[in-house]
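Scroll down for the structure; my scribbles are underneath it.
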Amino acid sequence: MTTREAILEKLGFPLDRLPKPAALYETVVLTGDLAFVSGCLPIDGPDGALLRGKLGKDLTVEEGQKAAALAAANVLRALARKLGSLDAVVRIVKLGGYVSSAEGFTDQHLVVNGASELMVEVLGEAGRHSRAAVGVFELPLGAAVEVEAIAEVRRP
Amino acid sequence: MTTREAILEKLGFPLDRLPKPAALYETVVLTGDLAFVSGCLPIDGPDGALLRGKLGKDLTVEEGQKAAALAAANVLRALARKLGSLDAVVRIVKLGGYVSSAEGFTDQHLVVNGASELMVEVLGEAGRHSRAAVGVFELPLGAAVEVEAIAEVRRP
Amino acid sequence: MTTREAILEKLGFPLDRLPKPAALYETVVLTGDLAFVSGCLPIDGPDGALLRGKLGKDLTVEEGQKAAALAAANVLRALARKLGSLDAVVRIVKLGGYVSSAEGFTDQHLVVNGASELMVEVLGEAGRHSRAAVGVFELPLGAAVEVEAIAEVRRP
């Protein structure tokens, strides 16, 4: 296990608990030096419970941040599985954070910080990324957040 | 006509029925080995009617899947026009599926499967992609779905 | 100052009024020949007021277009700062436009034209891009629009 992987596990996200895709898609696709990671939901493991609900109604900002961190952990778990090691991640280039939002909830940027912080904690400077955070009306299966990513990688 | 194009036509999507852009943008932009395809709406041809409405209120999941397949067909039509042939598509790297959603509708992943299935039917393994599917509040012109894509291509 | 930068300033967007990131992210990340620009909000300068509200309720299409142009100006300001000059932009490859929308508002494509037009006015042919425009329920801090971008660039 690499240092990065050990940090991820120490933060409460065992590497081997990547959930299965919810539908007909690949979790990671490689092209050139880039890895495109599908929108990941806040589920802990193949048999895990999904974190559901809308921010501003069912969940606090802090609960939303925890959901965003779990979705981001699934991004990292997916990259580790595809590349063989998190050390093959050169840089997280972009995160897209979709936050299920009730009327009047405008702290999407704080919620998605939960994902951004995890990236920097685990990857250091390589975890610093560009980002878009928006508030959507509904997400698949009632998820609280969805996080997608583009990473620069060394191909296996 | 290539085998891929023949499959697309046989599925009910004649190659030459690409709608015009709804506003001030290019349908496809190439950079390096990547093609970025604009968000495509479910319209069949330059004079076609737009499939409108919200999932969970105006449309069933099956109707949404058909709309998603039509939007995805427009992605393929656009790539064929830009590249001269669908054989120049090396791989669909990423699909973004935006689903116009009524309160409580959480089957966006099933709706966007309509787009994903078409990609695999037409392109085979090259059609397998990463994906994000989200539920938005409104789409341009009242569209039911919007599908954008990134593809790895051989440039003309 | 380059010709492109002079045009941007003449249109009312001084180069040096880039707002600070609203949260934990980088405004621009470079990978290969691509620059990924974070979702930019319609704020004019580090001390500027944010353009807030929902299209179809609080703002007219024309006001939304002005907000989209300001967000797009921030995309260009960010690229100029990162690259040293707007002349290092080879091409705007993709714009993503998120429009805060009230029920029944379906002119997102017209609103995002405000961003698209600015790109072409400042960059000419290099400003012509692919695009997705969607209507979201809420945006960070109550922003009216958010605009993200991918550009092909010459690295400094």
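Chain letters run A, B, ... following the sequence lines, proteins first and then strands; every chain starts at 1. Computed from a predicted model, the values in this text were never measured in an experiment.
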Restricting to non-hydrogen atoms, name the atom on [X] and the atom on [Y] that form the minimum distance, rounded to 0.1 Å.
X: C:Gly32; Y: A:Glu152; result: N-OE1, 4.4 Å
X: C:Ala23; Y: A:Arg131; result: CB-NH2, 3.5 Å
X: A:Ala133; Y: C:Glu146; result: O-OE1, 2.9 Å

### Task
Ignoring hydrogens and angles, state whether a donor on the side chain of C:Glu26 or A:Ser130 is under 3.5 Å from an acceptor on the partner side chain.
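No.
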
Any side-chain heavy-atom pair of [X] and [Y] under 4.5 Å:
X: C:Leu139; Y: A:Thr106; result: no
X: A:His109; Y: C:Leu141; result: yes
X: A:Asp33; Y: C:Thr31; result: no
X: A:Lys94; Y: C:Val29; result: no
X: A:Glu117; Y: C:Leu24; result: yes

Against chain C, label [X] side chain, backbone, both or neither, depending on which of its atoms sit under 4.5 Å from a heavy atom there.
X: A:Leu110; value: neither
X: A:Leu95; value: neither
X: A:Phe105; value: backbone

### Task
May I ask you to name which of C:Pro21, C:Cys40, C:Gly39 has the most heavy-atom pairs under 4.5 Å with chain A?
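Looking at each option in turn, the highest pair count goes to C:Gly39.
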
### Query
Salt bridge between A:Lys54 and C:Glu138, side-chain N to carboxylate O under 4.0 Å?
no

#### Entry: Spacing of A:His129 atom NE2 and C:Tyr25 atom OH [to the nearest 0.5 Å]
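Rounded to the nearest 0.5 Å, the NE2-OH separation comes to 10.0 Å.
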
### Query
Which bit of C:Phe36 is near chain A, if near means a heavy-atom gap under 4.5 Å: side chain, backbone, both or neither?
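Both the backbone and the side chain of C:Phe36 come within 4.5 Å of chain A.
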
